Amino acid sequence: MSTRVVIITGASDGIGAELARQLAQEGASKVCLVLAARSKDKLEQVAQQCRTHGSKVLVRPTDVGQEADCRALIAETIAQFGRIDTLVNNAGMSAHAQLSEVTDMAWYEQLMRINLWGSAWCTHAALPYLQVTQGRIVAVSSLAGLVGVPGRTAYSATKFAMTGFFEALRVEMAPHGVSVTIAYPGVVATEIRYRGFNAHGQAAGKSGLDESGAMSIEECARLIRVGMARRERDIVMSAKGKLSRWMKLLAPRLVDKLAMAALKREVRPH
């Protein structure tokens, strides 16, 4: 097997960091990882963990909310390794606020820049190189990108947008042999919801979701790793998520109730 070059955005912690570790452990010297996120120090820690398995690692501090950073990430990857086999668009930010509580929607726009535009900019820049290798594109969306969740108007909007973007791109890329896999994690045991925006555009410091039964980071990363290796179309990770996808067509009001039940009681609309 030839050496594969894999870019992972949002790789400083959570799902992205764990995916990097699993790929390094699985591929050892056969995988070159490009780790991107805003925190260089955290990226270096993850990089060192990956290097212990023999993987080559390039650390690239990147703010995906800035187009220039996204394009520089791809350019530096090509300068260092000369190819791209897989792009994992994992970087993202969470948010929880009812629309009626929001006074300034500027952070809605910022969230869209991070979650949608960051993925779009990175993908656009990487596309010519992925076509050469007949590579893989992975988009980490969310169950909130399949079913609207109350209190998540901003977040669901960004994830629905991601879903539409990458579903359309999948069809465009099929003749070129480039696969597009969309992952839809549910509630995963990460800190993303605590750092996400509240109604005032500040770090929430808490989660509005019922965290009981949250999937482990390790299992989520494993499902993404296996799914992208198989070039799967979609990775819907939980039985509730798979059910909701079909029930949305058959019994949409029931899905609304399930979405409401996913929230902690104290933050439910009333």
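Just so it is clear, the model here is predicted, and its values are computed rather than measured.
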Notebook entry, point to check: Got a sec, which pairs hit salt bridge (charged side-chain N to carboxylate O under 4.0 Å, His left out) with one end in residues 63-72, sequence neighbours left out?
Noted result: Glu67-Arg71

Notebook entry, point to check: Is the shortest heavy-atom distance from the side chain of Ile137 to the side chain of Leu130 under 4.5 Å?
Noted result: yes

Check: Got Ile74 and Ile7 here, is their nearest side-chain heavy-atom distance under 4.5 Å?
Finding: yes

Margin query: If the condition is salt bridge (Lys or Arg N to Asp or Glu O under 4.0 Å), which residues does Arg231 pass it with, not counting sequence neighbours?
Written below: none

Margin query: With side chain to side chain donor-acceptor pair (under 3.5 Å) as the criterion, how do Arg152 and Ser94 come out once you've worked through the C-alpha distance, each side chain's angles and the decisive distance to 0.1 Å?
Written below: CA-CA 9 Å; Arg152 313 207 85 190; Ser94 186; 2.4 Å; yes

Item checked: Residue pairs, two or more places apart or on separate chains, that pass ring-ring contact (aromatic ring centres under 6.0 Å, His included) and touch residues 106-128 -> Trp107-Phe197, Trp117-Trp121

Notebook entry, point to check: Residues two or more places apart in sequence or in another chain: which of them pass side-chain hydrogen bond (donor to acceptor under 3.5 Å, both in side chains) with Ser156?
Noted result: none

Next item on the list: Would you indicate whether the side-chain heavy atoms of Pro185 and Val140 approach each other to under 4.5 Å?
Entry: yes

Margin query: Is any side-chain heavy atom of Val88 closer than 4.5 Å to one of Thr9?
Written below: no

Name every donor-acceptor pair, under 3.5 Å, that has one atom in a side chain of residues 36-52 and the other anywhere in the protein, sequence neighbours excluded.
from, atom 1, to, atom 2, distance (Å)
Ser39, OG, Lys42, N, 3.2
Gln49, OE1, Arg21, NH1, 3.0
Arg51, NH2, Val57, O, 3.1
Thr52, OG1, Gln49, O, 2.5

Check: Are the side chains of Lys159 and Asn115 in touch, meaning some heavy atoms are under 4.5 Å apart?
Finding: yes

Next item on the list: Evaluate the side-chain proximity of Tyr184 to Thr163: yes if any heavy-atom separation is below 4.5 Å, no if none is.
Entry: yes

Next item on the list: Drop me the distance from Leu19's CG to Leu223's CG, to the nearest 0.5 angstrom.
Entry: 11.0 Å

Check: Under the salt bridge (Lys or Arg N to Asp or Glu O under 4.0 Å) test, which residues partner Asp85, sequence neighbours left out?
Finding: Arg83

Margin query: List the residues meeting side-chain hydrogen bond (donor to acceptor under 3.5 Å, both in side chains) with Glu76, not counting sequence neighbours, and say none if there are none.
Written below: Arg60

Notebook entry, point to check: Which residues pass the salt bridge (Lys or Arg N to Asp or Glu O under 4.0 Å) test with Glu172, sequence neighbours left out?
Noted result: none

Note to self: One pair to check against side chain to side chain donor-acceptor pair (under 3.5 Å): Asn89 and Thr123. What are the steps and the verdict?
What the structure shows: CA-CA 8 Å; Asn89 292 291; Thr123 300; 3.1 Å; yes

Checklist line | Contacts of type salt bridge (Lys or Arg N to Asp or Glu O under 4.0 Å), residue Arg233, not counting sequence neighbours | finding: none

Notebook entry, point to check: When rounded to the nearest 0.5 angstrom, what distance separates CG in Leu87 from CE in Met228?
Noted result: 10.5 Å

Margin query: For Glu232, is there any backbone N or O sitting under 3.5 Å from a side-chain donor or acceptor partner on Thr181?
Written below: yes

Next item on the list: Go through the structure and list residues passing side-chain hydrogen bond (donor to acceptor under 3.5 Å, both in side chains) with Gln131, not counting sequence neighbours.
Entry: His176

Check: Under a single-linkage definition using a 4.5 Å side-chain heavy-atom cutoff for Ile, Leu, Val, Met, Phe, Trp and Tyr, are Met93 and Leu99 assigned to the same hydrophobic cluster?
Finding: yes

Notebook entry, point to check: Which pairs count as salt bridge (charged side-chain N to carboxylate O under 4.0 Å, His left out) when at least one residue sits in residues 120-134, sequence neighbours excluded?
Noted result: none

Next item on the list: Taking atom CD of Glu101 as the centre, report whether more than 12 heavy atoms of other residues, nucleotides or ligands fall under 6.0 Å from it.
Entry: yes

Next item on the list: Find out whether Phe166 and Ser119 are in side-chain contact, i.e. whether some heavy atom of one side chain is under 4.5 Å from a heavy atom of the other.
Entry: yes

Checklist line | Contact list for residues 218-227, test side-chain hydrogen bond (donor to acceptor under 3.5 Å, both in side chains), sequence neighbours left out | finding: Gln22-Arg225, Glu26-Arg225, Glu219-Arg222

Next item on the list: Would you check, one step at a time, whether the test side-chain contact (heavy atoms from CB on, under 4.5 Å) holds for Val34 with Ile8?
Entry: CA-CA 6 Å; Val34 182; Ile8 305 174; over 6 Å; no

Checklist line | Gap separating the CG atom of Leu111 from the CE atom of Met105, nearest 0.5 angstrom | finding: 11.0 Å

Next item on the list: Measure the shortest side-chain to side-chain distance between Ile84 and Ile78 over non-hydrogen atoms and say whether it is less than 4.5 angstrom.
Entry: yes

